[in-house]
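Only one structure is covered here, and it is reproduced in the block below.
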Amino acid sequence: MIKKLAPFMRRYRVPAILCPVAIILEVIIDVSIPLLMANIVDRGIPNQDVVLITRTGVLMIGLALFALLVGVSSSWLASTAAMGFGSEIRKRLFSRIQTFSFARLDKFGVPTLITRLTNDVNNLQNITMMGLRMAFRAPFMLIMALVLAIRINSGLATVFFVAIPILTVGLGLIMSNAYPRFRALQRKLDKLNSTVQENLISIRVVKAFVRSTFEKNRFRDANQDLRDGALKAIRLVILNGPMMQLAIYACIIAVLWFGGGMVQSGGMLTGQLISFISYVNQILRSLMMLSMVFLFSVRAKASGERVIEVLETDSGMTEPDPETLEMMGDEVPDGSVEFRAVDFRYSEEAEQNVLSNISFEIRSGETIGIIGATGSGKTSLVSLIPRLYDATVGEVLVGGRDVRDYSLKTLRDAVAVVLQNNTLFTGTIRENLQWGKEDANDEELMAVCQTAQAAEFIEKMPEGLDTMLGQGGVNLSGGQKQRLCIARALLKYPKIIILDDSTSAVDTATDSRLRQGFAETLQDVTVIIIAQRINSIQHADRILVLDDGRINGIGTHDELMEQNEIYRDVFNSQQEGMKDQ
Ligand SMILES: Nc1ncnc2c1ncn2[C@@H]1O[C@H](COP(=O)(O)OP(=O)(O)O)[C@@H](O)[C@H]1O
Ligand SMILES: [Mg+2]
């Protein structure tokens with residue numbers, strides 16, 4: 001894992017290398033101070049050597065000040081390296097996720113991606129900071145202090161050879177149990193985030209359906225689950241502290257017991273005993289630090305795996321290599337569409353096909369209606385054309401060529417889709433429209449808005465194109481949003497435009513003007529309209545009837561009225577509906 005993540009440190013290698021250097025200096029000072037102290041107690045005081053005492057004292061103060069400076073810089077270096085490291089990982093994660101196909105996004109789900117991008121990266125950042133500061137400090141301090149303690153009195157140092165192995169075993173036990181708990185903790189965090197996200201995105205629906213209590217309970221459960229998971233993991237981790245404290249005090253007592261005897265019998269000097277106890281402290285504290293680093297690294301390991309999983313997931317969409325594109329050209333010649341024996345399902349694990357054996361041809365410039373019950377596969381069918389998903393079996397051709405043989409950019413520039421649940425972004429109307437074409441001027445913008453029947457309401461707004469839209473376009477009506485989304489798609493001047501139920505919230509009069517506008521301005525463009533209302537597609541050149549993922553009929557309105565039972569039923573039921581009104 002370290003090998004996979006280390007490259008993200010490359011830009012910050014200078015602070016990452018300087019930090020341990022500073023820390024080693026700090027440790028050398030820390031371990032030499034007890035020696036100087038022993039010097040004062042054992043030589044300065046008995047001999048009343050004021051010069052030695054003062055000189056050593058001043059040296060100690062100077063060293064302590066220097067240690068302070070070095071300590072501050074090592075912290076600063078560690079923070080710089082760790083924060084930089086985190087931001088590099090986030091950058092890569094984000095751009096990786098941008099490449100993901102719809103299928104990949106379906107597989108992960110948005111909430112876990114958000115957790116991985118934030119909380120998991122934070123965990124990695126924290127362990128890096130801790131690791132840089134402590135992973136060098138602790139072992140170095142441990143060894144130095146141990147060596148010096150042995151030099152003072154090797155007999156007394158046997159205390160460590162009893163204490164250290166016992167502590168190591170205890171620590172190992174805690175860690176091996178903590179890892180699965182930390183993994184579970186991150187998953188619970190995912191679940192909480194997914195509950196929060198789903199609720200907040202659809203908070204209006206939740207309120208409208210008076211589902212707040214239900215949602216609150218759902219949140220409460222996820223929240224409690226997270227709390228319990230965290231406590232379960234922490235319960236183990238907090239054992240670590242008391243265990244270490246116990247070891248420290250036991251060692252100090254043992255050292256005082258045996259060392260006191262030695263001082264009395266003249267085998268050891270008082271100052272030596274004092275500095276020995278300082279070393280006991282330093283040794284066991286570095287062990288404690290090491291154990292903390294290990295514990296946090298267990299948590300970071302769980303996070304690291306989650307981050308790497310995203311980094312190592314391919315986009316799920318293959319693009320032709322540049323040489324092939326060079327050879328074949330990368331241009332969509334016209335707006336014709338052909339499906340050849342296409343089967344489709346959303347994931348390999350899914351048992352049933354969403355679409356089965358779909359074959360049809362659309363000539364460039366034709367207007368095609370698609371009708372069918374909800375869940376019959378209309379959205380799935382059209383999403384194969386701009387390669388939002390890839391066909392499982394068979395081929396989809398645009399302009400006479402397999403869609404997989406264009407670069408995604410070329411294909412998606414030529415095929416504009418207005419999705420069923422279309423989204424606008426925070427910003428002005430102009431900025432939103434310019435998603436279709438970055439440098440479009442106001443004239444162009446108003447022209448497409450005219451076709452999309454959006455010009456009228458935009459002009460009525462006090463600030464026109466500069467009107468600010470809230471997140472998701474909350475300050476517009478459903479029909480207005482739909483028309484803006486259509487205008488945005490038109491601005492790409494596509495060869496094929498797909499409207500997936502995009503006029504469902506538009507009144508019938510506007511809907512019919514919209515169709516008229518399309519007929520006048522988009523003569524060479526292939527238009528594919530999915531609609532619930534027969535009215536919206538009645539005048540299409542041909543209409544495709546989908547039933548349970550299969551083509552049930554294809555033809556003009558009159559042909560289908562004659563031959564297709566489903567179509568006739570839908571038409572009749574809608575006529576009756578009109579009469580009822
Ligand atoms: N992202 C998805 N992952 C898995 N199944 C999906 C997904 N989107 C739609 N489906 C399923 O595919 C079927 C067809 O859906 P869809 O094409 O949206 O129908 P329609 O647009 O005609 O209402 C439905 O059974 C639906 O549950
Ligand atoms: Mg649909």
Side-chain angles (χ1 to χ4, degrees), residues 97 99-113 194 197-198 201-202 205 313 315-317 337 339 342-360 362 368-394 396 403 412 415-423 478-479 481-482 485-486 489 496-506 511 527-537 540 542-554 560 564 566-567 569-571 573-574:
I97 294 170
T99 69
F100 279 0
S101 66
F102 281 36
R104 287 283 180 271
L105 293 172
D106 289 349
K107 186 185 135 225
F108 277 104
V110 174
T112 179
L113 290 177
S194 115
Q197 208 200 9
E198 206 173 69
I201 287 176
S202 359
V205 184
T313 301
S315 72
M317 279 272 151
V337 176
F339 277 56
V342 169
D343 286 353
F344 174 64
R345 63 187 88 156
Y346 277 96
S347 66
E348 284 123 42
E349 299 91 58
E351 286 172 14
Q352 266 187 321
N353 280 348
V354 170
L355 296 172
S356 308
N357 195 25
I358 302 281
S359 298
F360 64 87
I362 303 175
I368 294 288
I370 300 181
I371 202 157
T374 37
S376 58
K378 305 182 295 292
T379 302
S380 311
L381 185 141
V382 295
S383 55
L384 301 182
I385 302 174
R387 273 192 92 191
L388 301 181
Y389 294 92
D390 272 336
T392 314
V393 178
V396 177
V403 284
R412 290 186 184 162
V415 184
V417 208
V418 182
L419 291 171
Q420 203 163 10
N421 40 1
N422 40 37
T423 323
K481 259 191 281 186
Q482 289 185 331
C485 289
I486 295 175
I496 300 170
I497 183 161
I498 299 168
L499 306 182
D500 186 354
D501 215 4
S502 314
T503 57
S504 56
V506 175
D511 191 21
V527 182
I528 301 177
I529 302 175
I530 298 178
Q532 299 293 336
R533 288 193 295 239
I534 292 239
N535 275 341
S536 312
I537 53 166
R542 279 184 304 156
I543 299 157
L544 202 151
V545 183
L546 263 189
D547 181 36
D548 203 13
R550 291 169 190 279
I551 294 185
N552 187 269
I554 185 162
L560 288 173
N564 191 284
I566 295 181
Y567 190 81
D569 282 352
V570 176
F571 181 80
S573 67
Q574 290 190 356

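Numbers for residues simply follow the sequence, beginning at 1. Start at 1 and go down the list; that is how both ligands and their atoms are numbered. Source: prediction; values computed, not measured.
Closest of all the heavy-atom pairs between N357 and D343 is N-OD1, 2.6 Å. Nearest heavy atom pair, residue I370 against residue I528, reads CD1-CG2, 3.8 Å.
Ring centroids of Y346 and F344 are separated by less than 6.0 Å, placing the two rings close together.
Relative orientation of the Y389 and F102 rings is perpendicular, given thresholds of 30° and 60° on the angle between their planes.
Protein heavy atoms are absent from the space less than 4.0 angstrom from atom 26 (C) of ligand 1.
The closest protein non-hydrogen atom to atom 20 (P) of ligand 1 is G375 N, 3.5 Å. Looking from atom 5 (N) of ligand 1 to the surrounding protein, the closest heavy atom is Y346 CD1, 3.2 Å. When only non-hydrogen protein atoms are considered, atom 1 (N) of ligand 1 lies nearest to D106 OD2, 3.1 Å.
With atom 12 (O) of ligand 1 as the reference point, the heavy atom nearest to it among L105, V354, L546 is part of V354. In this comparison of G549, S383, G372, S380, the heavy atom closest to atom 15 (O) of ligand 1 sits on S380.
Below 4.0 Å from some heavy atom of T374 lie the following atoms of ligand 1, by number and element: 23 (O).
Checking side-chain atoms of S194 against main-chain N and O of P111 turns up no donor-acceptor pair under 3.5 Å.
Salt-bridge check for R533 with D511: passed, with a basic side-chain N closer than 4.0 Å to an acidic carboxylate O.
Among the atoms of L381, none of the N or O lies under 3.5 angstrom from an N or O of ligand 1. An N or O contact shorter than 3.5 Å links T379 to ligand 1 by distance.
The Mg ion (ligand 2) has no N, O or S atom of S380 closer than 2.8 Å.
Shown here is N552, whose CG atom has more than 12 heavy atoms of other residues, nucleotides or ligands within 6.0 Å.
Residues L544 and K378 fail the side-chain proximity criterion, which asks for heavy atoms closer than 4.5 Å.
The shell of residues lying under 4.0 angstrom from ligand 1, judged by heavy atoms, includes Y389. Within the 4.0 Å heavy-atom shell around ligand 1 one finds A373.
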